[in-house]
Student: 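Take a look at this one; I'll ask things after.
Numbered from 1 within each chain, the chains take letters A, B, ... in sequence-line order.
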Number of protein chains: 2
Amino acid sequence: MAFTSSTPPTVLSIAGSDPSGGAGIQADLKTFAALACYGTSAITALTAQNTVGVLGVHACPPSFVELQASRDLNFIASVLDDLEVHAIKTGMLCNLENTKAVVRVLTAHYKGSTMPPLVCDPVCVSTSGHTLLEDNSIKAMIEELFPLATLITPNKSEAELLLSYKNVSRKINSVEDMIFAAKELLSYGSSAVFVKGGHLTASTKDVEDISSRHPAVPVVRYGLMEDNMEILQTDAETTVFELVVDILQQTNGTTTMFIRPRIDSRNTHGTGCTLSSAIACALARGTGLVEACRYGSAYTHLGIETAYGLGKGHGPLNHLHSTLLLSIPKRTPSNPYPFTRLLIQSTAKPWKEYVEHSFVRQLGMGTLSRKAFEYFIKQDYHYLKYYARAYGLLATKSTQFPSIESSAQTILYILREIGTHKTYCLTFGITEEDLESTPETSATMAYGAYLIDIGVRGDSTVLLVALLACLLGYGEVGLWLKKQAAAPNSWVKVVDNPYQKWMDDYSGADYQNAVHLGLEVIESRALADAPSPARLGEWCGVWERCTRLEKAFWDSAMAEA
Amino acid sequence: MAFTSSTPPTVLSIAGSDPSGGAGIQADLKTFAALACYGTSAITALTAQNTVGVLGVHACPPSFVELQASRDLNFIASVLDDLEVHAIKTGMLCNLENTKAVVRVLTAHYKGSTMPPLVCDPVCVSTSGHTLLEDNSIKAMIEELFPLATLITPNKSEAELLLSYKNVSRKINSVEDMIFAAKELLSYGSSAVFVKGGHLTASTKDVEDISSRHPAVPVVRYGLMEDNMEILQTDAETTVFELVVDILQQTNGTTTMFIRPRIDSRNTHGTGCTLSSAIACALARGTGLVEACRYGSAYTHLGIETAYGLGKGHGPLNHLHSTLLLSIPKRTPSNPYPFTRLLIQSTAKPWKEYVEHSFVRQLGMGTLSRKAFEYFIKQDYHYLKYYARAYGLLATKSTQFPSIESSAQTILYILREIGTHKTYCLTFGITEEDLESTPETSATMAYGAYLIDIGVRGDSTVLLVALLACLLGYGEVGLWLKKQAAAPNSWVKVVDNPYQKWMDDYSGADYQNAVHLGLEVIESRALADAPSPARLGEWCGVWERCTRLEKAFWDSAMAEA
């Protein structure tokens with residue numbers, strides 16, 4: 001299933017509330033959130049329950065659930081009237097009044113238009129034996145709600161109960177029974193029936209037998225070995241004999257068998273709610289029914305397998321196994337450069353020591369010793385050679401012509417800068433021969449070679465991060481000095497400052513355009529890549545290292561003076 | 001805030017239900033999920049509402065919310081008795097009975113023990129003017145609930161209403177008024193007061209004035225420029241004059257001012273619910289109060305700024321801006337190698353064409369022409385030189401001694417394999433000179449140079465992916481042939497097969513150990529890195545390319561025969 005960053009589909013749950021958070025609308029809302037859907041929920045009943053059992057049920061008043069003359073006072077209508085809903089699931093309906101209310105409001109709202117996919121989880125009795133749908137309501141659910149449903153999702157006991165309303169008295173104890181039940185229950189009018197086998201156990205042999213007796217039934221596997229996966233076989237795997245089988249029967253006559261390994265777990269509270277919600281999320285995105293069932297089943301399976309074992313009884317599933325916290329906030333108008341901001345914030349102290357270095361301050365005051373500046377400019381000449389070479393590596397690491405071109409353009413830009421550099425140096429009486437013959441100092445080599453090291457060992461993104469510390473830092477220095485110069489009684493010497501040209505260059509439009517280009521590139525890279533915390537940590541580490549190397553570069557110039 | 005993959009903290013919301021999903025326990029549960037907390041919720045009242053307004057309220061029966069002789073029939077107790085709760089938030093309490101019930105159950109449950117942090121959002125009236133807490137209940141909330149609270153979070157009108165209960169009649173129209181109110185409201189007994197300024201507007205100058213009048217008040221900024229961020233300044237930023245200011249007052253006398261840019265948005269439904277929930281999540285993790293308020297405020301701010309504009313009125317926030325869907329399922333006992341499984345599944349067809357290649361089949365049958373095998377083994381000799389060199393690149397790209405060592409060990413393993421290779425070749429009458437003098441074919445060069453290319457341009461993880469296609473593929477071939485050989489009436493020739501040693505080598509313990517080591521390394525890398533869909537796509541692309549190059553390698557051997 002492909003997820004985009006566009007508006008999420010809206011899914012509506014019509015069900016009971018479980019304060020302990022593992023089942024009911026709470027499980028539904030967690031599933032919707034985990035699968036990036038917008039969740040809404042109309043509550044049919046309040047239960048007091050936890051992982052141990054259901055302690056009490058309070059039906060919501062008919063005036064609230066039922067469709068009335070004034071539709072305003074209706075949970076479901078308040079949602080449907082305002083939001084376009086892309087899938088609906090029903091869970092615990094509680095009693096006859098509320099069951100009928102649900103049918104009426106759905107029928108009325110979608111009169112003359114197409115109802116979105118409706119997944120009906122026919123919740124009747126809790127695992128602990130508590131009645132969640134009063135007996136007199138089951139007939140209404142079958143006769144009035146099922147015909148509206150895209151899918152109904154009974155478990156073993158629910159399927160048996162539903163069969164009994166057809167006067168079919170058959171216990172479901174095998175996959176063959178499940179197939180029988182799925183076909184029988186289809187006559188109630190839903191477009192498909194998904195009989196859940198979580199309360200049964202099947203062996204590999206059972207599945208093979210069924211497959212040989214029903215050769216036309218496709219088998220959808222999850223968490224089991226497929227062809228050409230011998231290397232993934234572990235010892236644990238070879239001893240898995242217990243399988244869970246689910247059966248999907250569609251009105252077009254297709255039967256599908258879903259198999260997965262059985263997990264030995266007490267954390268199964270809310271499994272049915274979660275499954276039907278996850279299927280509804282997939283259907284809301286337009287996923288086909290078989291794939292939606294596979295997807296919902298896999299999501300639920302992993303929720304059980306990764307559960308934390310909360311509570312004293314049957315613990316809740318882990319609904320959040322499918323999600324990750326973003327390391328970098330989204331780009332928004334009020335925060336257009338969130339990644340660079342994060343880099344700067346994560347290095348606030350060394351970054352400030354770099355961009356407000358005494359070298360920079362003295363340069364602004366015009367008091368910087370000629371010796372220090374000459375030292376700096378000679379070493380910068382060597383540094384820029386490394387810097388240009390690192391952009392060569394960036395070109396090597398680029399797989400698209402535009403980024404190859406941009407690296408080459410940057411190299412040419414640096415070479416032009418070197419030209420200006422040389423002309424500028426001549427005004428200080430430094431010739432090109434002087435520049436070339438000046439030995440590199442440790443500060444220069446450390447920084448230059450570090451860029452090459454990152455360029456050799458990392459990918460293009462981390463190399464960009466390393467290269468930007470210089471580009472952005474000098475841009476910051478230029479703007480900072482300009483801002484200081486503009487302040488009243490500024491300490492910046494703006495008349496007859498020997499370093500005026502240097503300051504003008506870095507605050508000028510040309511250089512600042514390059515800064516903004518750099519910001520755009522790195523922000524869109526970071527946005528597209530959504531780094532894990534580990535990867536972000538690596539980027540921040542490289543940025544900090546470069547920041548400190550920049551400071552050390554100026555330290556050594558000052559030490560020279 | 002650091003998030004770990006350990007058990008999430010449990011947070012309890014005691015509030016009303018908003019079926020449209022933007023406010024109430026629905027907003028709370030979404031916030032808890034988005035911030036990786038385990039959410040629970042006790043419902044005090046059902047509302048029928050949507051983005052346009054509140055259409056009706058149904059108070060939950062006292063028997064359900066109130067603490068009774070039998071505590072079992074109680075929403076809150078059903079949660080607290082079963083789960084350890086790490087933070088609690090209260091929202092809409094609806095009426096006097098429910099307010100008192102909340103106080104009684106919390107007091108009784110935490111008698112003799114420490115109550116977790118309690119954030120009390122004093123919801124009184126909806127934005128649309130609907131009463132959400134009956135007038136006769138406010139006094140009880142102030143006198144009985146506030147003294148239990150870590151933090152209360154009134155907005156402008158709630159703060160004014162609460163002040164009036166102290167006979168203080170003061171409208172809150174400035175930051176100065178907010179500071180006054182925060183200090184006054186502290187006397188109600190909560191540990192801290194957070195007065196929200198979302199309904200006020202402040203300018204940069206207001207904030208500067210306040211700062212100069214209250215120099216001891218620290219300013220926490222979000223989404224605004226800080227020092228040394230001149231380069232991040234955009235045109236939009238320079239025109240932002242409108243700020244939102246929140247004030248936090250603590251009993252230790254500390255006042256903190258939070259400022260952020262005002263967002264012009266209609267999507268503000270459920271802002272207060274979301275903020276108090278996000279603060280509760282941070283407190284549940286043990287975050288300090290100031291940081292928790294900053295965090296909650298930033299989360300809510302971004303929720304408004306990234307909202308999708310659902311509904312016809314005040315739309316809901318986007319609660320999911322902080323999360324990302326995982327590209328690779330978590331490692332579990334039933335799926336210990338999810339990343340490799342995904343690689344194989346994503347290339348099912350070419351992978352099968354590779355590992356079940358006619359070269360392999362004929363080799364198993366013993367019918368492979370000597371010429372084809374000789375061609376293969378000579379080219380393999382050249383290929384292994386590239387392969388060893390690529391591991392050299394891997395060593396270069398490793399920053400830890402263990403991974404540098406593992407690369408070096410692999411190179412030595414490959415060189416030993418070359419030794420065996422040479423001995424083996426001699427049995428076919430092929431000398432080392434023959435091997436060295438055989439020209440490389442295109443298939444060999446394409447594959448070998450591709451490994452070097454990936455090694456030069458990517459990071460160590462993608463290079464590992466490229467290297468594993470060969471390691472794992474040959475392991476799969478070995479096991480597949482072994483499995484086929486074990487089947488009844490096998491087509492594999494196990495007696496007098498000239499290629500027996502080759503088959504034994506790749507299915508043998510030595511080689512399979514290397515396969516499992518490779519699986520462990522790549523799985524833990526992928527797990528630690530949690531790649532974005534784009535990065536995973538790149539990895540899958542490299543894997544598929546290698547799979548096809550492996551097939552082409554054998555194609556060329558067969559073409560030779």
Student: Please classify the contact between B:Thr399 and chain A as side chain, backbone, both or neither, with a heavy-atom cut-off of under 4.5 Å.
Tutor: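 Only the side chain of B:Thr399 comes within 4.5 Å of chain A.
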Student: Find out whether A:Ile25 and B:Ile25 are in side-chain contact, i.e. whether some heavy atom of one side chain is under 4.5 Å from a heavy atom of the other.
Tutor: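 Touching, per the 4.5 Å side-chain cut-off.
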Student: Could you tell me which of A:Ser327, A:Pro316, A:Ser17 has the largest number of non-hydrogen atom pairs under 4.5 Å with chain B?
Tutor: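 The answer is A:Pro316.
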Student: If you take all heavy atoms of A:Arg457 and B:Lys397, which pair is closest and at what distance?
Tutor: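 So the minimum-distance heavy-atom pair works out to O-CG, 3.4 Å.
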Student: Any idea which of A:Glu305, A:Lys312, A:His516 has the most non-hydrogen atom pairs under 4.5 angstrom with chain B?
Tutor: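 Among A:Glu305, A:Lys312, A:His516, the one with the most close pairs to chain B is A:Glu305.
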Student: Looking at B:Pro329, B:Pro8, B:Ala348, which has the largest count of heavy-atom pairs under 4.5 Å with chain A?
Tutor: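 Winner by heavy-atom pair count: B:Pro8.
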Student: Picking from A:Ile328, A:Thr461, A:Val456, which has the most non-hydrogen pairs under 4.5 angstrom with chain B?
Tutor: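 Most heavy-atom pairs within the cutoff with chain B belong to A:Val456.
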Student: Within the 3.5 Å criterion, strictly below it, is a donor on B:Asn228 or A:Glu356 matched to an acceptor on the partner's side chain?
Tutor: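 A:Glu356 and B:Asn228 do have a side-chain donor-acceptor pair below 3.5 Å.
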Student: Among B:Ser322, B:Gly458, B:Pro531, B:Ala530, who wins on heavy-atom pairs under 4.5 Å with chain A?
Tutor: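 The candidate making the most pairs under 4.5 Å is B:Ser322.
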Student: Search all heavy atoms of A:Ala42 against all heavy atoms of B:Pro19 and return the closest pair with its distance.
Tutor: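 Scanning both residues, the minimum pair turns out to be CA-CB, 4.5 Å.
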Student: What pair of heavy atoms forms the shortest contact from B:Leu325 to A:Ala36, and how long is it?
Tutor: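 Looking at all heavy atoms of both residues, the shortest contact is CD1-CB, 4.0 Å.
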Student: Looking only at heavy atoms and a cut-off of under 4.5 Å, which of A:Ser13, A:Gly39, A:Ala534 has the most pairs with chain B?
Tutor: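 Going by pairs under 4.5 Å, I would pick A:Gly39.
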Student: Counting heavy-atom pairs under 4.5 Å to chain B, which of A:Leu83, A:Asn335, A:Asp453 comes out on top?
Tutor: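 When all of A:Leu83, A:Asn335, A:Asp453 are compared, A:Leu83 has the most.
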Student: What part of B:Lys482 lies closer than 4.5 angstrom to a heavy atom of chain A: side chain, backbone, both or neither?
Tutor: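 It is neither, since no heavy atom gets under 4.5 Å.
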Student: With a 4.5 angstrom heavy-atom cut-off, which part of B:His301 approaches chain A: side chain, backbone, both or neither?
Tutor: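 Side chain only.
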Student: Need one label for B:Thr396: side chain, backbone, both or neither, based on atoms under 4.5 Å from any heavy atom in chain A.
Tutor: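 Contact with chain A involves both backbone and side-chain atoms of B:Thr396.
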Student: Chain B heavy atoms under 4.5 Å from A:Thr306: which part of the residue, side chain, backbone, both or neither?
Tutor: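 Contact with chain B involves the side chain of A:Thr306 alone.
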Student: Enter the distance from B:Asp264:CG to A:Ser334:OG here, rounded to the nearest 0.5 Å.
Tutor: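 B:Asp264 atom CG to A:Ser334 atom OG measures 12.5 Å (nearest 0.5 Å).
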Student: Verify whether one side chain among B:His321 and A:Thr332 offers a donor that lies under 3.5 Å from an acceptor in the other.
Tutor: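 No donor-acceptor contact under 3.5 Å links the two side chains.
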Student: Would you mind telling me which of B:Gly315, B:Gly475, B:Gly311 has the largest number of heavy-atom pairs within less than 4.5 Å of chain A?
Tutor: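 Highest number of pairs under 4.5 Å: B:Gly311.
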Student: Name the region of A:Leu320, side chain, backbone, both or neither, that has any atom closer than 4.5 Å to a heavy atom of chain B.
Tutor: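 For A:Leu320, the side chain is the part near chain B, not the backbone.
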Student: With a 4.5 angstrom heavy-atom cut-off, could you sort out which part of B:Leu29 is near chain A: side chain, backbone, both or neither?
Tutor: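 It is the side chain, since no backbone atom gets that close.
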Student: What part of B:Ala34 gets within 4.5 angstrom of chain A, counting heavy atoms only: side chain, backbone, both, or neither?
Tutor: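 Backbone only.
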Student: Nearest 0.5 Å, what's the OG-CG distance between B:Ser20 and A:Leu80?
Tutor: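 Here the interatomic distance stands at 11.5 Å.
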Student: Can you see whether A:Tyr38 has B:Lys30 sitting over its ring - NZ or CZ less than 6.0 Å from the centre and within 45° of the normal?
Tutor: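 Yes, B:Lys30 and A:Tyr38 form such a contact.
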Student: What part of B:Thr10 gets closer than 4.5 Å to chain A, counting heavy atoms only: side chain, backbone, both or neither?
Tutor: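 For B:Thr10, the contact with chain A is made by the side chain alone.
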Student: Quick one: do A:Glu538 and B:Asp459 satisfy side chain to side chain contact (heavy atoms under 4.5 Å, CB included)? Show the steps, please.
Tutor: CA-CA 12 Å; A:Glu538 188 202 337; B:Asp459 64 6; 5.9 Å; no
Student: Could you tell me which of A:Leu324, A:Asp18, A:Thr40, A:Ile263 has the largest number of non-hydrogen atom pairs under 4.5 Å with chain B?
Tutor: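 Greatest number of close heavy-atom pairs with chain B: A:Leu324.
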Student: Using the rule side chain to side chain contact (heavy atoms under 4.5 Å, CB included), only one of B:Val355, B:Leu479, B:Leu471 pairs with A:Ile231; which is it?
Tutor: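 It is B:Leu479; the other options fail the test.
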Student: Once rounded to the nearest 0.5 Å, what's the spacing between atom NE2 of B:His319 and atom CZ of A:Phe32?
Tutor: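 One finds 15.5 Å between NE2 of B:His319 and CZ of A:Phe32.
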Student: Find the distance between OG1 (B:Thr51) and CG (A:Asp81) and round it off to the nearest 0.5 Å.
Tutor: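 Rounded to the nearest 0.5 Å, the OG1-CG separation comes to 11.0 Å.
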Student: Using 0.5 Å steps for rounding, measure from the CZ atom of B:Arg341 to the CG atom of A:Leu232.
Tutor: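 Here the interatomic distance stands at 6.5 Å.
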Student: Quick check on B:Gln512 against chain A: is it the side chain, the backbone, both or neither that has a heavy atom closer than 4.5 Å?
Tutor: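 It is the side chain, since no backbone atom gets that close.
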Student: Shorter than 4.5 Å, heavy atoms on both sides: which option in B:Pro338, B:Gly309, B:Gly21 has the most such pairs with chain A?
Tutor: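 The residue among B:Pro338, B:Gly309, B:Gly21 with the greatest pair count is B:Gly21.
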Student: Heavy atoms only, distances under 4.5 angstrom: which of B:Asn318, B:Asp529, B:Asp227 has the most pairs with chain A? Name it, please.
Tutor: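 The option with the most such pairs is B:Asp529.
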Student: So which part of B:Leu302 gets closer than 4.5 Å to some heavy atom of chain A, the side chain, the backbone, both or neither?
Tutor: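 For B:Leu302, side-chain heavy atoms alone lie under 4.5 Å from chain A.
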Student: Can you give me the closest heavy-atom contact between B:Leu310 and A:Thr7, atom names plus distance?
Tutor: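 Heavy atoms only, the tightest pair is CD2-CG2, 3.8 Å.
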